[in-house]
Amino acid sequence: MASALYDHYNVVLGQGFSRVHGLEFSRYRSLFLVNDAFLVLLRKKDHTKEIKDYRPISLIHSFGKLLTKLLANRLAPRLDDLVMKNQCAFIKGRSIHDCFRTVQLTCRLLHRKKVSCVLLKVEIARAFDSVSWPFLLELLEHIGFPRHWRDWISLLLQTSSTKILLNGSTLMAGAKVVWKARVPPRVRFFAWLALQDRCWTAERRQRHGLQETDDCALCDQAVESMEHLMTKCPFVKEVWFMVFNALGWV
């Protein structure tokens, strides 16, 4: 459906992207408004019980997809000259099976000539998670890519974002206050778990069959829920009093 829409409005979209491509990098700082994605979970079957029963789908804005496709199409005809011949994956006219064949023939040759050597098989990590974009941008500059091209890539990387769409909304109560707080990351993470009632309290552990009782380990007077641990436990109240007293709030 998306391809049919693009074909139908090809003239309008083509003119629009021609104007966008001619604009200066500094004038498109607000690209983040149309360079975001929503992550949603779709059910694989009617009765869902576990997380594996869902399929994650990323809904990406068309503008970012079209812009990256435009850059990729411009770059594709020149990849054969830019990338060394021993790199076979994701390049038109090359096959990743050629790499396996090369290694196989090399092993046979070394074995026939009885040459002492060591062959290393490196575990391939997810490249996008470990790539150094500043290094790649410097490499593009060294190769000879113009500044206008490198600025567009930098802008796409800087303005991209992903939001989780939960129950039709991406806003969660308290999220901005928690994640913008100037505290260590582990404190923000704990506060977020506490706010969502996702900490492994005694009440939750008993509900999952991990222990027999749900009594509070500090006071042994009530059920150890998140609300009890944060506000109602006598020991916690003493801690809050000392904190507020040190801050001069009491």
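Keep in mind the model is a prediction, meaning the values are calculated, not measured.
Remark: H97 NE2 is loosely packed, at most 12 non-hydrogen atoms of other residues, nucleotides or ligands lying under 6.0 Å away. Remark: E212 CD is loosely packed, at most 12 non-hydrogen atoms of other residues, nucleotides or ligands lying under 6.0 Å away.
Residues L119 and L105 fall into different hydrophobic clusters, defined by Ile, Leu, Val, Met, Phe, Trp and Tyr side chains chained together at heavy-atom separations under 4.5 Å. By the criterion of side-chain heavy atoms lying less than 4.5 angstrom apart, applied directly or through intervening Ile, Leu, Val, Met, Phe, Trp or Tyr residues, M230 is grouped together with V236 in one hydrophobic cluster. Connection of F235 to V239 is established within a shared hydrophobic cluster, with ILVMFWY side chains joined at heavy-atom distances below 4.5 Å, either directly or through further cluster members. One hydrophobic cluster, built from ILVMFWY side chains closer than 4.5 Å, holds both W133 and F135.
Listed by chain and number, the residues in a ring pair (Phe, Tyr, Trp, His ring centres under 6.0 Å) with F189 amount to none (sequence neighbours excluded). With sequence neighbours left out, H142 forms a ring pair (Phe, Tyr, Trp, His ring centres under 6.0 Å) with no residue at all. Shown here are the salt bridge (charged side-chain N to carboxylate O under 4.0 Å, His left out) partners of R147, two or more places apart in sequence or in another chain: D151. Looking at residues two or more places apart in sequence or on another chain, you find a salt bridge (charged side-chain N to carboxylate O under 4.0 Å, His left out) between R207 and E203.
For the atom pair I60 CD1 and T68 OG1, the distance stands at 8.0 Å (nearest 0.5 Å). Atom CG of L195 sits about 14.5 Å away from atom CZ of R188, to the nearest 0.5 Å. Taken to the nearest 0.5 Å, the CG atom of L82 stands 5.0 Å off from the CZ atom of F145. Separation of atoms CD (E141) and CG (L137) is listed at 9.0 Å; rounding is to 0.5 Å. One finds the CG atom of L140 at 10.5 Å from the CD atom of E138 (value rounded to the nearest 0.5 Å).
The minimum heavy-atom distance between C117 and L110, with the atom names listed, is SG-CD1, 3.4 Å. Taking both residues in full, the closest heavy atoms of W149 and L71 are given as CH2-O, 3.1 Å, listed atom of the first, atom of the second, then distance. Scanning both residues, R101 and R108, for their nearest heavy atoms gives NH1-NH1, 4.3 Å.
Clustering of Ile, Leu, Val, Met, Phe, Trp and Tyr by side-chain heavy atoms under 4.5 Å joins W200 with L210. Clustering of Ile, Leu, Val, Met, Phe, Trp and Tyr side chains at separations under 4.5 Å places V183 together with V187. Under a 4.5 Å side-chain heavy-atom criterion applied to ILVMFWY residues, the cluster that includes I96 comprises F100 as well.
Applying the side-chain hydrogen bond (donor to acceptor under 3.5 Å, both in side chains) rule to pairs touching residues 230-241 yields E227-K232, sequence neighbours excluded. Pairs passing the salt bridge (Lys or Arg N to Asp or Glu O under 4.0 Å) check and including a residue from residues 190-199, sequence neighbours excluded, do not occur. Applying the salt bridge (Lys or Arg N to Asp or Glu O under 4.0 Å) rule to pairs touching residues 90-99 yields D80-R94, sequence neighbours excluded.
Considering only heavy atoms from C-beta on, F190 comes within 4.5 Å of C199 through its side chain. Inter-residue side-chain proximity for R204 and T201 is flagged as met; some heavy-atom pair is nearer than 4.5 Å.
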Listing, residues 40-47 side-chain donor-acceptor contacts under 3.5 Å, not counting sequence neighbours, or none:
unit_1, atom_1, unit_2, atom_2, d
R43, NH1, D46, O, 3.3
K44, NZ, K52, O, 3.2

Acceptor/donor pairs from residues 218-225 side chains to any protein atom, 3.5 angstrom cut, sequence neighbours excluded:
unit_1, atom_1, unit_2, atom_2, d
E224, OE1, A217, N, 3.1
E224, OE2, A202, N, 2.7
S225, OG, H228, N, 3.2

